[in-house]
Amino acid sequence: MTAFSEKIRSYGLRIAFVPTMGFFHDGHVKLMKEAKKHGDKVVASIFVNPAQFGKNEDFGKYPKNLERDMEIARKAGVDALFVPTSEEIYPKGFQTYVEVEKLSKILCGKFRKGHFRGVATVVLKLFNIVNPHTALFGKKDLQQLHVIRKMTEDLNLPVNIIAADTIREGDGLAMSSRNSYLKPRERKDAALIKEGLDLAKSLVQRGVLKTSTIKKAVRGHISKSSLIKIQYLEIVDSSTLSKISSINDAENCVIMTACFIGSTRLIDNLAIKGK
Ligand code: AMP
C-alpha cells in the first residue's frame with residue numbers, strides 16, 4: 001500500500017482516501033465518488049477494526065462480502081482497495097493508542113468505552129500507511145468525524161478532512177451496514193428515528209427553543225415503537241458537540257441519537273438549526 005502511495009505521490013498526483021469497514025452501501029459509494037473530486041487517485045480501505053468494538057458488541061458478526069465490495073468499489077472509481085488483516089494492523093505486542101480525550105467521552109463514547117480510542121488509533125495508522133492528501137468521512141458518524149478532525153488538528157497531520165452528507169433509504173433511515181441485521185418489523189419501525197429527528201427540526205422552525213421540550217416530543221415519537229429503545233438523545237452545539245438547553249445557545253445545532261432496535265444499535269443525527 002505504501003509503495004503504491006509513494007509512486008502516486010512521485011508523479012505529483014493527489015490521493016483521496018475513504019476508510020471503511022466494508023459491506024458497502026450507497027453511503028460508501030457517495031464517499032468514493034466524492035473522493036474522485038478531491039484526488040487524482042482514490043484509495044478505499046476495508047478493515048473491521050477490533051479495537052473499536054466493545055466485548056459484547058458485534059465484532060464477530062459484522063457483515064462481510066469482499067467480492068461484492070470489490071465490484072462496487074471498482075464501479076465507484078476506486079483505484080486501490082486496501083484490505084489489511086488484523087495481524088498486519090495489530091501485530092503481537094502492539095501497545096500504542098491515540099486518545100482524543102474529551103470528545104471521546106461524551107455521547108456514544110459514554111456507552112462505548114474505548115470505541116473512539118480504537119477509531120482514532122486505526123485512522124492514524126491508516127493515514128500513516130496510505131499517506132493521503134485528503135480523507136473523506138460521513139456525517140452519519142458525526143462524533144467520529146469530530147474526533148478525527150480534532151486528532152488531525154492536534155497531531156498536525158497533513159491530511160485534509162472532508163465531510164459528506166448522510167445518505168438515506170427512501171423512508172429516511174440512514175444507510176448503515178448494520179441495517180442488514182434488522183428483521184422486517186424492526187426495519188419498518190426504524191423509520192421512526194429519522195421521523196423523530198425531522199420532528200425536532202420542524203419544532204425549531206416553529207419557534208420552540210427549549211431543548212428539553214423538543215427532546216421530549218422526539219422521544220415520544222420514536223417510542224411509538226415498542227421495539228426501539230433510545231440509548232441517548234441529545235441536542236448539541238454542532239461545533240463542539242456539547243449539550244445546549246436552548247436552541248439560542250448555539251449558531252448551529254444538531255440532534256444526535258443512538259437507538260437499539262432489538263439487539264441492533266443504530267445512530268443518526270440531523271442539523272436542526274444552521275448547518
Ligand atoms: P463504516 O464502513 O460504517 O465504518 O463507514 C465508513 C465511512 O462511511 C464513514 O466515514 C461513515 O461515516 C461513512 N458512512 C456510513 N454510512 C453513511 C451514510 N449513510 N451516508 C454517508 N456516509 C456514511
Side-chain angles (χ1 to χ4, degrees), residues 16-39 42-54 57-59 61-66 68-70 72-73 76 78 81-84 86 89 103 107-108 112 115-116 118-127 130 132 134-152 159-182 187 190-191 193-194 197 241 254 256-259 264-271:
F17 177 43
V18 180
T20 82
M21 299 206 297
F23 207 68
F24 293 152
H25 51 65
D26 285 353
H28 296 115
V29 171
K30 173 79 191 308
L31 286 179
M32 294 167 192
K33 289 190 171 159
E34 192 66 30
K36 278 263 156 211
K37 300 180 194 162
H38 294 276
V42 175
V43 175
S45 64
I46 298 177
F47 182 63
V48 183
N49 175 30
Q52 71 187 66
F53 287 79
E57 294 183 354
D58 57 342
F59 176 68
K61 66 164 189 176
Y62 198 82
K64 291 184 182 64
N65 191 337
L66 186 56
R68 179 175 167 271
D69 283 353
M70 280 163 58
I72 292 172
V78 169
L81 190 60
F82 178 49
V83 190
S86 275
I89 297 295
L103 265 177
L107 302 163
C108 283
R112 301 188 73 190
H115 170 67
F116 290 112
V119 169
T121 302
V122 84
V123 170
L124 179 58
K125 288 196 54 127
L126 290 168
F127 281 3
V130 174
T134 300
L136 295 94
F137 295 87
K139 289 187 198 168
K140 151 86 175 22
D141 300 280
L142 190 64
Q143 189 174 3
Q144 168 175 283
L145 173 67
H146 278 252
V147 164
I148 288 160
R149 279 198 195 285
K150 196 82 202 98
M151 173 181 77
T152 303
V159 184
N160 179 29
I161 307 296
I162 307 271
D165 287 338
T166 301
I167 304 297
R168 298 178 180 282
E169 301 286 355
D171 63 358
L173 177 65
M175 288 193 179
S176 164
S177 308
R178 292 190 167 99
N179 292 350
S180 64
Y181 297 146
L182 299 174
R187 171 63 191 83
I193 299 173
K194 171 59 165 38
L197 305 186
L241 300 190
V254 61
M256 302 178 67
T257 190
C259 295
T264 303
R265 185 178 181 278
L266 300 179
I267 56 169
D268 202 353
N269 68 84
L270 187 72

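Note that these values count all heavy atoms, side chains included, but never hydrogens, waters or copies made by symmetry. We count ligands from 1, going down the list as the structure has it; atoms in each ligand are counted the same way. Numbering of residues begins at 1 and proceeds along the displayed sequence.
Residue contact check: Phe137 has heavy atoms under 4.0 Å from atoms 10 (O) of ligand 1. The ligand atoms of ligand 1 that sit less than 4.0 angstrom from a heavy atom of Gly27 are 18 (C), 20 (N), 21 (C), 22 (N). If you number the atoms of ligand 1 from 1 as listed, the ones under 4.0 Å from a heavy atom of Leu31 come out as 7 (C), 8 (O), 10 (O), 13 (C).
The protein heavy atom nearest to atom 20 (N) of ligand 1 is Ile167 N, 2.8 Å. Regarding atom 23 (C) of ligand 1, its nearest protein heavy-atom neighbour is Lys140 CB, 4.1 Å. Looking only at protein heavy atoms, the nearest one to atom 22 (N) of ligand 1 is Gly138 CA, 3.6 Å. Of all protein heavy atoms, the one closest to atom 5 (O) of ligand 1 is His28 NE2, 3.5 Å. Atom 14 (N) of ligand 1 has Asp141 OD2, 4.1 Å as its closest protein atom, hydrogens excluded (heavy atom only).
When the options Arg178, Arg168, Met175 are ranked by their closest heavy atom to atom 19 (N) of ligand 1, first place goes to Met175.
Distances from ligand 1 to the non-hydrogen atoms of Lys30 include no value under 4.0 Å. Residue His25 places a heavy atom less than 4.0 Å from ligand 1. Contact analysis puts Asp165 in contact with ligand 1, with a non-hydrogen atom separation below 4.0 angstrom.
Separation of atoms CE (Met256) and SG (Cys108) is listed at 6.5 Å; rounding is to 0.5 Å. For the atom pair OG1 of Thr257 and CG of Leu107, the computed distance is 10.0 Å after rounding to the nearest 0.5 Å.
Not a single N or O atom of Ala174, backbone or side chain, sits closer than 3.5 Å to an N or O atom of ligand 1. For the pair Met21 and ligand 1, the shortest N or O to N or O distance falls below 3.5 Å.
Counting heavy atoms of neighbouring residues, nucleotides and ligands inside a 6.0 Å radius, atom NZ of Lys33 does not exceed 12 of them.
Within the 4.5 Å cutoff, the side chain of Leu142 has heavy atoms near those of the Leu241 side chain. Within the 4.5 Å cutoff, side-chain heavy atoms of Pro19 are placed close to those of Phe137. Within the 4.5 Å cutoff, no side-chain heavy atoms of Val48 are placed close to those of Phe23. In this structure the side chain of Phe17 reaches within 4.5 angstrom of the side chain of Ser45, judged on heavy atoms. Lys140 is listed as a side-chain neighbour of Ile267, based on a closest heavy-atom distance under 4.5 Å.
Both cation-pi conditions hold for Lys61 and Tyr181: the charged atom is under 6.0 angstrom from the six-membered ring centre and inside a 45 degree cone around its axis. Annotation: cation-pi geometry not satisfied between Arg178 and Tyr62 (NZ/CZ under 6.0 angstrom from ring centroid, within 45° of ring axis).
By the criterion of a heavy-atom distance under 4.0 Å, the backbone of Pro19, and not its side chain, is placed next to ligand 1.
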